[in-house]
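See below for the structure under consideration.
Heavy-atom basis, side chains included; hydrogens, waters and symmetry copies ignored.
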Amino acid sequence: MKNLYFLKLHTLIMDTIYTNEWVATMMQLMKHAGNDLYEHSIHVALLSAIIALSDNQKLLSKADIPIQSLILGALLHDIGYMGIPRSIDRTAARREYSPMEKMAFDMHISIGSEQLRIHTKDSIILDISSMHHEYLDGSGVPLGLKSNAIPLHVRIVSLANLLINDFCIFAPSGSESIMTNQELCQKYDVSILRSFFTESRLYFESLSSIYNDFHNYPFFNDL
């Protein structure tokens with residue numbers, strides 16, 4: 001059963017990339033812009049897929065959200081950082097921003113959304129790009145959206161982004177740390193995690209194969 005789940009996850013992600021060559025091109029450009037950004041994007045996409053598949057597939061289907069679009073949105077959520085100098089620390093959200101880092105953070109959302117609109121009209125992808133820093137309590141940016149005004153697909157990718165940036169999901173306390181942290185519960189829809197932590201091992205088991213397949217794709221031969 002575990003192998004079937006892994007195969008489904010791997011096939012889903014790779015098919016999503018292979019059938020959207022413009023995305024492969026964007027990923028190539030992203031890698032040239034900075035390997036940390038490229039790797040972060042793959043991590044967030046994989047985790048988003050696992051969260052979606054672990055317990056939320058019916059919710060996505062009911063909301064008419066194709067998981068392929070969710071994966072693409074997760075892969076490209078930080079594409080706006082490609083236009084930001086490498087000297088700017090993309091992970092500055094873990095501490096207090098410098099003025100330049102705050103400007104870069106604000107700009108990456110609008111720049112990314114503008115870049116993606118050139119290539120796609122998929123509202124799921126565009127939502128994720130423009131809203132992945134919105135919080136349930138209205139303290140997010142750029143629109144200060146609250147609660148159900150933030151779509152399910154955005155909430156899933158936001159959680160995946162949080163897990164990658166700020167938590168070791170293999171740590172035994174990972175689940176408890178998130179579920180009992182009042183500040184996080186006010187900002188993120190932690191209820192959609194449900195069985196995620198019992199299946200998080202798939203994240204690590206999937207990485208090697210997915211990285212290899214990315215690099216075997218013709219667009220990545222020269223990377």
Side-chain angles (χ1 to χ4, degrees), residues 30 36-37 40-52 55-56 59-60 63-65 67 69-84 88-117 120 122-169 174-175 177-194 196:
M30 191 186 299
D36 64 324
L37 176 60
H40 170 77
S41 300
I42 294 175
H43 283 288
V44 172
L46 181 54
L47 274 175
S48 296
I50 293 174
I51 293 171
D55 238 4
N56 297 289
L59 290 176
L60 290 171
D64 197 24
I65 300 169
I67 192 169
S69 294
L70 183 146
I71 290 170
L72 293 179
L75 272 173
L76 301 170
H77 74 285
D78 271 347
I79 199 74
Y81 274 115
M82 288 201 313
I84 306 298
I88 299 296
D89 183 4
R90 186 188 55 78
T91 64
R94 303 176 194 179
R95 54 176 171 76
E96 186 175 350
Y97 284 119
S98 71
M100 287 297 292
E101 288 164 347
K102 179 63 168 66
M103 183 182 300
F105 174 80
D106 290 342
M107 288 176 61
H108 93 277
I109 300 173
S110 58
I111 290 175
S113 297
E114 289 173 6
Q115 289 176 331
L116 290 177
R117 286 191 189 97
T120 184
D122 189 321
S123 62
I124 307 301
I125 298 173
L126 297 176
D127 282 350
I128 292 170
S129 173
S130 62
M131 300 181 193
H132 66 277
H133 286 294
E134 299 285 358
Y135 300 136
L136 299 181
D137 63 1
S139 64
V141 293
L143 301 176
L145 300 176
K146 290 184 178 181
S147 302
N148 290 335
I150 305 173
L152 175 62
H153 46 283
V154 175
R155 284 180 267 149
I156 288 175
V157 175
S158 294
L159 268 173
N161 197 40
L162 169 71
L163 288 165
I164 288 298
N165 284 336
D166 296 303
F167 287 89
C168 176
I169 64 171
S175 176
S177 297
I178 292 179
M179 298 301 188
T180 61
N181 186 306
Q182 291 301 310
E183 182 179 358
L184 292 180
C185 290
Q186 290 174 359
K187 293 178 180 291
Y188 297 90
D189 185 1
V190 298
S191 67
I192 63 178
L193 289 174
R194 293 189 184 123
F196 165 74

What pairs of residues pass the salt bridge (charged side-chain N to carboxylate O under 4.0 Å, His left out) test when at least one of them lies in residues 124-133, not counting sequence neighbours? none

Would you give the length of the straight line joining atom CD1 of Ile42 to atom CG of Leu47, rounded to the nearest 0.5 angstrom? 12.0 Å

Would Ile125 and Ser129 count as a side chain to side chain contact (heavy atoms under 4.5 Å, CB included) if you check the C-alpha gap in whole Å, the side-chain angles of each, and the deciding distance to 0.1 Å? CA-CA 6 Å; Ile125 298 173; Ser129 173; 5.6 Å; no

If you round to the nearest 0.5 Å, how far is CG of Leu163 from OH of Tyr188? 9.5 Å

Output yes when a side-chain donor or acceptor of Glu134 lies under 3.5 Å from a complementary backbone atom of Leu145, and no otherwise. yes

Which residues satisfy the side chain to side chain donor-acceptor pair (under 3.5 Å) test with Asp189, sequence neighbours excluded? Arg155, Ser191

Closest non-hydrogen atoms of Gly73 and Ile128, given as atom of the first, atom of the second and distance, are O-CG2, 3.4 Å

Could I get the full list of side chain to side chain donor-acceptor pair (under 3.5 Å) partners for Thr120, not counting sequence neighbours? none

As an exercise, state the distance from CG of Leu159 to CD1 of Ile192, rounded to the nearest 0.5 Å. 4.5 Å

Set of side chain to side chain donor-acceptor pair (under 3.5 Å) partners for Ser139, sequence neighbours left out: Asp137, Lys187

Can you tell me how far CG of Leu116 sits from CD1 of Ile79, rounded to the nearest 0.5 angstrom? 6.5 Å

For Ser130, the side-chain contact (heavy atoms from CB on, under 4.5 Å) test, sequence neighbours excluded, returns Ser113

Minimum heavy-atom distance between Leu136 and Ile150, given as atom pair plus value: N-CD1, 3.8 Å

Once side-chain contact (heavy atoms from CB on, under 4.5 Å) is applied, do any residues pair with Ile109, and if so which ones, sequence neighbours excluded? His133, Val141, Pro142

Just jot down the side chain to side chain donor-acceptor pair (under 3.5 Å) partners of Ser158, sequence neighbours excluded, or say none. none

Side chain to side chain contact (heavy atoms under 4.5 Å, CB included) between Asp78 and His132, intermediate numbers included: CA-CA 9 Å; Asp78 271 347; His132 66 277; 3.2 Å; yes

To the nearest 0.5 Å, tell me how far Ile71 CD1 sits from Ser48 OG. 8.5 Å

Flag, side chain of His43 to backbone of His40, donor-acceptor distance under 3.5 Å: no

Which side chain to side chain donor-acceptor pair (under 3.5 Å) pairs, counting each pair once, include a residue from residues 143-152, with sequence neighbours left out? none

Per the salt bridge (charged side-chain N to carboxylate O under 4.0 Å, His left out) rule, what does the pair list look like for residues 41-50, sequence neighbours excluded? none

Would you call the rings of His108 and Tyr81 parallel, tilted or perpendicular, where under 30° means parallel and over 60° means perpendicular? parallel

Could you state the interatomic distance from CG (Leu70) to CG (Leu60), rounded to the nearest 0.5 Å? 6.0 Å

Run the numbers on Asp122 and Leu72 for side chain to side chain contact (heavy atoms under 4.5 Å, CB included), then give the verdict. CA-CA 10 Å; Asp122 189 321; Leu72 293 179; 5.7 Å; no

Using ring pair (Phe, Tyr, Trp, His ring centres under 6.0 Å) as the criterion, list what pairs up with His153, not counting sequence neighbours. none

